[in-house]
Participant: 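Below you will find the structure I want to go over with you.
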2 protein chains.
Amino acid sequence: MAENTAADASTAATPATATPGSPSHPSDPPRPDLAAMVVPLGRTLMAAEQPILDAHGLTMWGYVVLLHLDEKPIRTQAALAEAVRADKTRIIPVLDDLEARGLLRRQPDPEDRRARLLSLTAEGRHLRDATQAAIQEGEEHLLARLPAADREGFLRGLRTLHDLSGQP
Amino acid sequence: MAENTAADASTAATPATATPGSPSHPSDPPRPDLAAMVVPLGRTLMAAEQPILDAHGLTMWGYVVLLHLDEKPIRTQAALAEAVRADKTRIIPVLDDLEARGLLRRQPDPEDRRARLLSLTAEGRHLRDATQAAIQEGEEHLLARLPAADREGFLRGLRTLHDLSGQP
DNA sequence: TATTGTTATACTCTATAACTATA
DNA sequence: TATAGTTATAGAGTATAACAATA
């Protein structure tokens, strides 16, 4: 049996999360590692997105590309790849597919024919909007289960940390 | 919904081309998708953990296993695998390594010799504590950049959503 | 020569299937 | 027969390296 020596519980008593059936009593400050909460939550969110993406005929990478292209037209595929934190070779099949379906244009830059000017078509923008609306509707469903007070701080904190993780 | 910085204008710039459908949703979402913030943040946190794990001689899976074993002794490897959301075959090399280094014990259950009783050794618990202390210290550094008000709500909201994602 | 995009290859991670041992 | 654990194999996803086009 485990010897739960109380001595070693200095700052690091471990959380007993995820044991279904027993609501946690977080009366004590010990918290799980951030990554141990953020990463599984991210997986859950992605799993929740998947059926919506399927219904809209988009892969996750395709959706990510549409999102980043809509913000502002991008001049090179390498820049797009960096923006979505992907390898430049990884998005090529994605662009091939989106272009073939008329969701984006990939035109050689007249001023530097090596580069490809990337822009969304009207169809691409429409699909992006519809997909994002559905996704965020699902997310609102989840956020609704947060106390109103926490919800504000959670969203602001998440946004801040996300923005920070760009430039450390 | 607070008005935000001008940087948000890029994400909010959704021309939408007079989508005539249903403007009954004036909830044009000026926020990124949750997954689009949570997943990259998770990757950043993992990347920040990596050097600490290296310094302590642990892989990420090894650390995860130590964390979950410390909570309470687990009776079967399959249960452990499910707890850490991994395939049962995926953690076997991890357990092999941790056992060989004396960080955990893997004893056949006398009552059912098919099962392996998993328990942490004192060394395993000590390494776990030291590693987690270092990781959370790094995380505190990041959390310190949040406004105090947001920080509380962020941590509570994150914890709530993480707990929710266990049982949908 | 350097850079953009592309293709081909190799590597990493993960899951599936088959095997051993206990029950 | 069924279950826990293990091993071997195959698959998906990703990155690395070599190539063609343009500058």
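Just so you know, these numbers use all the heavy atoms, side chains as well, and skip hydrogens, waters and symmetry mates. A note on names: the letters A, B, ... follow the listed sequences, proteins ahead of strands, and every chain is numbered from 1.
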Participant: Do any side-chain atoms of residues 76-85 of chain B form donor-acceptor pairs under 3.5 angstrom with protein atoms, and if so which ones, sequence neighbours left out?
Facilitator:
residue, atom, partner, partner atom, Å
B:Thr76, OG1, B:Ala79, N, 3.0
B:Gln77, OE1, B:Arg106, NH1, 3.2
B:Arg85, NH1, A:Pro40, O, 3.3
B:Arg85, NH2, A:Thr44, OG1, 3.2

Participant: Scan for ring-ring contact (aromatic ring centres under 6.0 Å, His included) pairs involving residues 128-161 of chain B, sequence neighbours excluded, and state none if there are none.
Facilitator: A:Phe154-B:Phe154

Participant: Can you tell me the distance, in whole Å, between the CZ atom of A:Arg114 and the C1' atom of D:dA20?
Facilitator: 13 Å

Participant: In a check of side-chain contact (heavy atoms from CB on, under 4.5 Å) between B:Leu58 and each of B:Val94, B:Leu66, B:Val64, B:Val65, which one passes?
Facilitator: B:Leu66

Participant: Would you mind telling me which of D:dA4, D:dT6, C:dG5 lies closest to the side-chain atoms of B:Thr76?
Facilitator: D:dA4

Participant: Let me know the distance between CD of A:Glu82 and C1' of C:dT3, rounded to the nearest Å.
Facilitator: 15 Å

Participant: Taking the minimum atom-to-atom distance to the side chain of A:Ile92, which one of D:dT7, C:dG5, D:dA21 wins?
Facilitator: C:dG5

Participant: Send over the distance from B:Gln77 CD to C:dA21 P, rounded to a whole Å.
Facilitator: 17 Å

Participant: Does anything in residues 108-118 of chain A form a salt bridge (charged side-chain N to carboxylate O under 4.0 Å, His left out)? List the pairs, not counting sequence neighbours.
Facilitator: A:Asp112-A:Arg114

Participant: Could you list by number each residue of residues 34-58 of chain B showing a heavy-atom separation from DNA chain D of less than 4.0 Å, or answer none if no residue does?
Facilitator: none

Participant: Measure from CD1 on B:Ile91 to P on D:dT7 and round the result to the nearest Å.
Facilitator: 13 Å

Participant: A:Leu80 CG to C:dG5 C1': how many Å, rounded?
Facilitator: 13 Å

Participant: Quick test: give all pairs of protein nitrogen or oxygen and nucleotides 11-17 of chain C nitrogen or oxygen below 3.5 Å, distance rounded to 0.1 Å.
Facilitator:
residue, atom, partner, partner atom, Å
C:dT14, OP2, B:Trp61, NE1, 3.4
C:dT14, O5', B:Arg90, NH1, 3.3
C:dT14, O3', B:Arg90, NH1, 2.8
C:dA15, OP2, B:Arg90, NH1, 2.6
C:dT16, O4, B:Thr89, OG1, 3.4

Participant: Do you know the tightest heavy-atom contact between B:Arg105 and B:Leu120?
Facilitator: NH2-O, 3.3 Å

Participant: Check whether any side-chain heavy atom of B:Leu143 sits under 4.5 Å from a side-chain heavy atom of B:Glu140, and report yes or no.
Facilitator: yes

Participant: Using a heavy-atom distance cut-off of less than 4.0 Å, which residues of residues 99-113 of chain A contact DNA chain D?
Facilitator: A:Asp112, A:Arg113

Participant: Could you tell me how far apart A:Ile74 (CD1) and C:dG5 (C1') are, to the nearest whole angstrom?
Facilitator: 16 Å

